[in-house]
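Okay, so here's the structure we're looking at.
Each chain gets a letter, A, B and so on, in the order the sequences are listed, and its residues count up from 1. Small disclaimer: the values here were computed from a predicted structure and weren't measured.
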Amino acid sequence: MLDAGNALFKTAASTDDVSRRRAEFILRSMGQLRTVAMAVGARDLAAGPEFLKKTAARAKVRLLSANLVDDRGALLFEPSMRTSIAGIRVGVLGISPLQSGARMRGNPPVAAALAEARKLKGKVDLVIALAAVPYADALQLAKESGDAIDLVLQSHEGRGAGIPQRNGGAFLIPTGERGRQLGRLALDVSNPGPWTELGQKERDQQLINVLDTQIAATRKRLEMAKPGATAGLEKTLQGFQDRRETLAKEVAGFPEGGGRLLRLDFLQLSEDYPSDPALQAQITVLEPVPPSH
Amino acid sequence: MTAAARLLAVALLLVPGLAPAASKKLTLLFTGDNGGEIGPCG
C-alpha cells in the first residue's frame with residue numbers, strides 16, 4: 001500500500017483540534033493498512049512538519065520528501081526508501097510542492113526527484129515516485145525521467161481516477177480523490193524491456209467499436225441527404241474512417257508478450273464494500289454527522 | 001458506511017494479492033488526495 005500524499009487535512013490551512021484529530025486518525029488507519037510510504041503534500045503539512053513527523057512515527061507510516069528542507073537547508077523527511085516484495089526490489093521516492101516559508105521550504109521538485117531516482121537506479125528493479133505536486137510538475141517529471149523512474153503517482157488537485165498517461169519516460173498515474181477509490185497496479189517484470197500498458201489495447205478496441213457505430217449512422221444519413229447537401233457529412237465520415245484506420249493499425253501493432261507489463265484499475269469504495277466495524281465506530285465518534293457533499 | 005472504513009476492509013481483503021503468484025509479478029495498492037476525508041457521502 002502506497003499513498004501519494006495530501007491525505008490528512010481538508011485544506012493546507014486546517015489547523016483546528018478537530019482537523020488534527022482527524023489527521024491522527026487517518027495516519028493510524030494508514031498504519032493499520034500497512035502503508036509502506038506516503039509523500040508529504042501541501043495538505044499534510046497544515047499542522048506543521050513536527051506534528052506530521054510525530055504522528056506518522058506513532059502510526060509507523062514512513063513519510064517521503066526529497067525536496068522539503070528546513071531553514072538551514074537540511075531535508076525534513078527521508079527522500080526515498082527501498083523495499084523488497086517477493087524478491088522484487090522496489091525503490092520509492094517522494095516529492096512535495098515548490099514552496100517558500102520562514103522555517104520550511106520546498107526546493108524544485110522535479111530536479112530533486114530526478115537526482116534521487118538516479119541514486120536508486122541499479123539498486124532496485126522498479127522506481128516509483130510519489131509526487132504530491134501539481135499535475136504540471138508531475139507531467140514534467142514523467143517526461144524528463146527517461147529510464148530513471150517507472151511510475152509517477154500524483155496527488156495535489158484531487159484529479160480522481162483515470163488512465164495511465166505516457167509521453168516518453170515514466171507512466172503518470174492518477175491516484176483517486178477523497179477516499180472514494182483504491183488504485184491497483186498489477187505489474188509483471190518477468191521480462192526485461194519497455195513497458196506495455198495492457199489497458200490501452202482494450203480502450204482502442206472500444207473506441208473502434210464506437211467509431212463503427214458512428215460510421216454506419218453517418219452513411220445512413222448520407223443516403224437520405226439531399227443532393228448538394230452531402231459535403232459536410234462526407235467530411236465527417238472521412239474523419240471517422242481515418243481515425244478508425246489509425247486505431248486499427250495501433251491495435252494490430254500492439255506488442256504480444258515480451259517486456260514489462262502494467263495494468264491499472266480502480267476499485268470504487270461504494271456501498272458494495274462493507275466497512276470495517278471497529279474503524280466505523282471510531283469514525284462515528286469523530287464525525288457524528290456525515291458530510292453532505 | 002464511510003470511506004476510511006471501507007478502504008480498510010477492502011485493502012485488507014486484497015493484501016493476500018500482494019503476494020505474487022510468480023516471482024516477478026506484484027500488485028501495488030495505492031491512494032492519494034484523500035484530503036482529510038473520513039466519511040464522504042460516497
* To do: Could you tell me which residues satisfy side-chain hydrogen bond (donor to acceptor under 3.5 Å, both in side chains) with A:Asp150, sequence neighbours excluded, listed by chain and number?
  => A:Trp195, A:Arg260
* **Residue A:Glu157 versus chain B: region with a heavy atom under 4.5 Å** => backbone
* Structure fact -> Heavy-atom closest pair (B:Thr27 atom, A:Arg184 atom, distance to 0.1 Å) is CG2-CG, 3.5 Å
* Could you grab the distance from atom CD of B:Glu37 to atom NZ of A:Lys10, nearest 0.5 Å is fine? => 3.5 Å
* **Sequence-distant partners of A:Asp3, side-chain hydrogen bond (donor to acceptor under 3.5 Å, both in side chains), two or more places apart** => B:Thr31
* Structure fact -> d(B:Lys24 NZ, A:Ile88 CD1) to nearest 0.5 Å is 6.0 Å
* Would you check, one step at a time, whether the test side chain to side chain contact (heavy atoms under 4.5 Å, CB included) holds for A:Leu261 with B:Lys25? => CA-CA 9 Å; A:Leu261 306 174; B:Lys25 290 182 181 177; over 6 Å; no
* **Contact origin within A:Val36 toward chain B - heavy atom pairs under 4.5 Å** => neither
* Structure fact -> B:Phe30 and A:Thr175 have their tightest heavy-atom pair at CE1-CA, 3.7 Å
* To do: Sort out for me which of A:Leu286, A:Asp188, A:Thr35 touches chain B most, counting heavy-atom pairs under 4.5 Å.
  => A:Asp188
* **Proximal component of A:Ala23, with respect to chain B [non-hydrogen, under 4.5 Å]** => neither
* To do: Name the member of A:Ala46, A:Gly183, A:Ala4, A:Ala186 that forms the most heavy-atom pairs with chain B at distances under 4.5 Å.
  => A:Gly183
* To do: Could you tell me which portion of A:Leu264 (side chain, backbone, both or neither) has an atom closer than 4.5 angstrom to a non-hydrogen atom of chain B?
  => side chain
* Asked: Heavy-atom distance under 4.5 Å to chain B: side chain of A:Ile128, backbone, both or neither?
  -> side chain
* Asked: Where does A:Asp125 contact chain B at under 4.5 Å (heavy atoms): side chain, backbone, both or neither?
  -> side chain
* Asked: Are the side chain of B:Asp33 and the backbone N or O of A:Glu177 linked by a donor-acceptor pair below 3.5 Å?
  -> no
* To do: Give a yes or no on whether the backbone of A:Gly179 and the side-chain of B:Asn34 come within a donor-acceptor separation of less than 3.5 Å.
  => yes
* Check each atom of A:Leu153 against the heavy atoms of chain B and say whether the ones under 4.5 Å are side chain, backbone, both or neither. => side chain
* Is B:Leu28 close to A:Ile85 at the side-chain level, that is, under 4.5 Å between some pair of heavy atoms? -> yes
